[in-house]
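In what follows, every heavy atom counts, from backbone to side chain, and hydrogens, waters and symmetry copies are set aside.
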Amino acid sequence: MKFKNTKVTGITNNILFNDHFVNINYDCSGLSSLAKDGVIPAGTVIPSNDSNAIGVLFSDVDIDENPNGTVIIHGFINQAKLPEAVSSAAVSALKGIMFMDKQGKPQPQKYTVTYDANGGTGEVTDSSSPYTYGTSVTVQAGSGLTPPDSKTFKGWALTPDAGVKDDNYDPSDTFTITDNITLYAVYE
């Protein structure tokens with residue numbers, strides 16, 4: 001008799017907030033592109049993270065060992081435990097799933113991006129805001145702002161007292177939105 005030693009990762013990786021869920025069986029054998037080291041991790045949107053999404057993988061699936069998985073189609077999912085952000089198209093497709101924050105509160109379907117002049121005058125608005133969770137956001141330019149005290153606009157930061165640092169955003173940078181965000185103008 002021959003045995004194979006297999007390392008088991010967390011069965012559900014705590015992606016659920018409670019035991020109220022509905023799942024279906026799903027053959028993951030055609031989803032090898034979603035695997036990392038031969039394993040599709042729990043929390044992966046199946047079959048793809050877009051409008052074709054039907055559910056969220058309940059537990060890790062080792063494609064070589066057993067490609068049969070279980071997909072949650074209704075329930076409460078901890079979005080912070082997922083291996084990647086759920087796209088806005090997938091959120092729309094997964095009508096039976098409520099994505100929850102770390103405290104177990106339902107996440108709003110839309111998040112806002114606010115631009116703060118941070119000592120300057122004028123206003124920058126984002127006509128696409130609010131955004132659906134997981135949407136790619138393009139940072140706006142500083143046109144419309146008048147910098148204070150003969151300074152020059154340099155970009156945006158996550159805090160009002162940030163200087164020009166690596167964690168700042170330049171106009172036309174992109175980020176994936178997962179919460180409401182305020183960007184503060186940075187001047188030099």
[X] versus [Y], closest heavy-atom pair with distance:
{"X": "Tyr184", "Y": "Thr159", "value": "CD1-C, 3.5 Å"}
{"X": "Tyr111", "Y": "Ser129", "value": "O-OG, 4.1 Å"}
{"X": "Ala117", "Y": "Gly122", "value": "CB-O, 3.9 Å"}
{"X": "Pro83", "Y": "Ala42", "value": "CD-O, 3.5 Å"}
{"X": "Tyr115", "Y": "Gln140", "value": "OH-N, 3.1 Å"}
{"X": "Thr112", "Y": "Asn180", "value": "N-OD1, 2.8 Å"}

Original post:
What's the verdict on side-chain contact (heavy atoms from CB on, under 4.5 Å) for Val71 and Asn23, showing C-alpha distance, side-chain angles and the deciding distance?
Top reply: CA-CA 5 Å; Val71 176; Asn23 60 345; 6.0 Å; no
Mind checking the [atom1]-[atom2] spacing from [X] to [Y]? Nearest 0.5 Å is all I need.
{"X": "Ile46", "Y": "Leu57", "atom1": "CD1", "atom2": "CG", "answer": "5.0 Å"}
{"X": "Leu16", "Y": "Asn78", "atom1": "CG", "atom2": "CG", "answer": "9.0 Å"}
{"X": "Tyr26", "Y": "Ile73", "atom1": "OH", "atom2": "CD1", "answer": "12.5 Å"}
{"X": "Thr152", "Y": "Glu188", "atom1": "OG1", "atom2": "CD", "answer": "7.5 Å"}
{"X": "Thr182", "Y": "Leu158", "atom1": "OG1", "atom2": "CG", "answer": "9.5 Å"}
{"X": "Thr114", "Y": "Glu123", "atom1": "OG1", "atom2": "CD", "answer": "10.5 Å"}

Subject >> Within-4.5 Å side-chain heavy-atom neighbours: Val137 and Asp126 >> reply: yes
Original post:
Is the closest side-chain heavy-atom distance between Thr70 and Asn25 below 4.5 Å?
Top reply: yes
**OP:** Evaluate the ring planes of His20 and Phe76, with Trp represented by its six-membered ring, and classify them as parallel (under 30°), tilted (30 to 60°) or perpendicular (over 60°).
**Re:** tilted
**OP:** If the plane angle is over 60° it's perpendicular, under 30° parallel, otherwise tilted; pick one for Tyr169 and Phe175.
**Re:** tilted
**OP:** For side-chain contact (heavy atoms from CB on, under 4.5 Å), just list the numbers for Trp156 and Val124, CA-CA rounded to whole Å, side-chain angles, deciding distance to a tenth of an Å, and then say yes or no.
**Re:** CA-CA 11 Å; Trp156 302 98; Val124 173; 4.0 Å; yes
Original post:
What residues, two or more places apart in sequence or in another chain, satisfy side chain to side chain contact (heavy atoms under 4.5 Å, CB included) together with Ser150?
Top reply: none
Subject >> Main-chain N/O of Asp64 paired to Asp62 side chain as donor or acceptor, under 3.5 Å >> reply: yes
Original post:
Can any side-chain N or O of Asp170 pair as donor or acceptor with the backbone N or O of Gly155 at less than 3.5 Å?
Top reply: no
Original post:
Yes or no on side-chain contact (heavy atoms from CB on, under 4.5 Å) for Ile77 and Leu94, after CA distance, side-chain angles and deciding distance?
Top reply: CA-CA 11 Å; Ile77 304 286; Leu94 299 172; over 6 Å; no
With a cut-off of 3.5 Å and sequence neighbours excluded, list every side-chain donor-acceptor pair involving residues 28-41.
from, atom 1, to, atom 2, distance (Å)
Ser29, OG, Asp27, OD1, 2.8
Ser29, OG, Asp27, OD2, 3.3

**OP:** Answer with yes or no whether the side chains of Ser87 and Asn49 bring together a donor and an acceptor at under 3.5 Å.
**Re:** yes
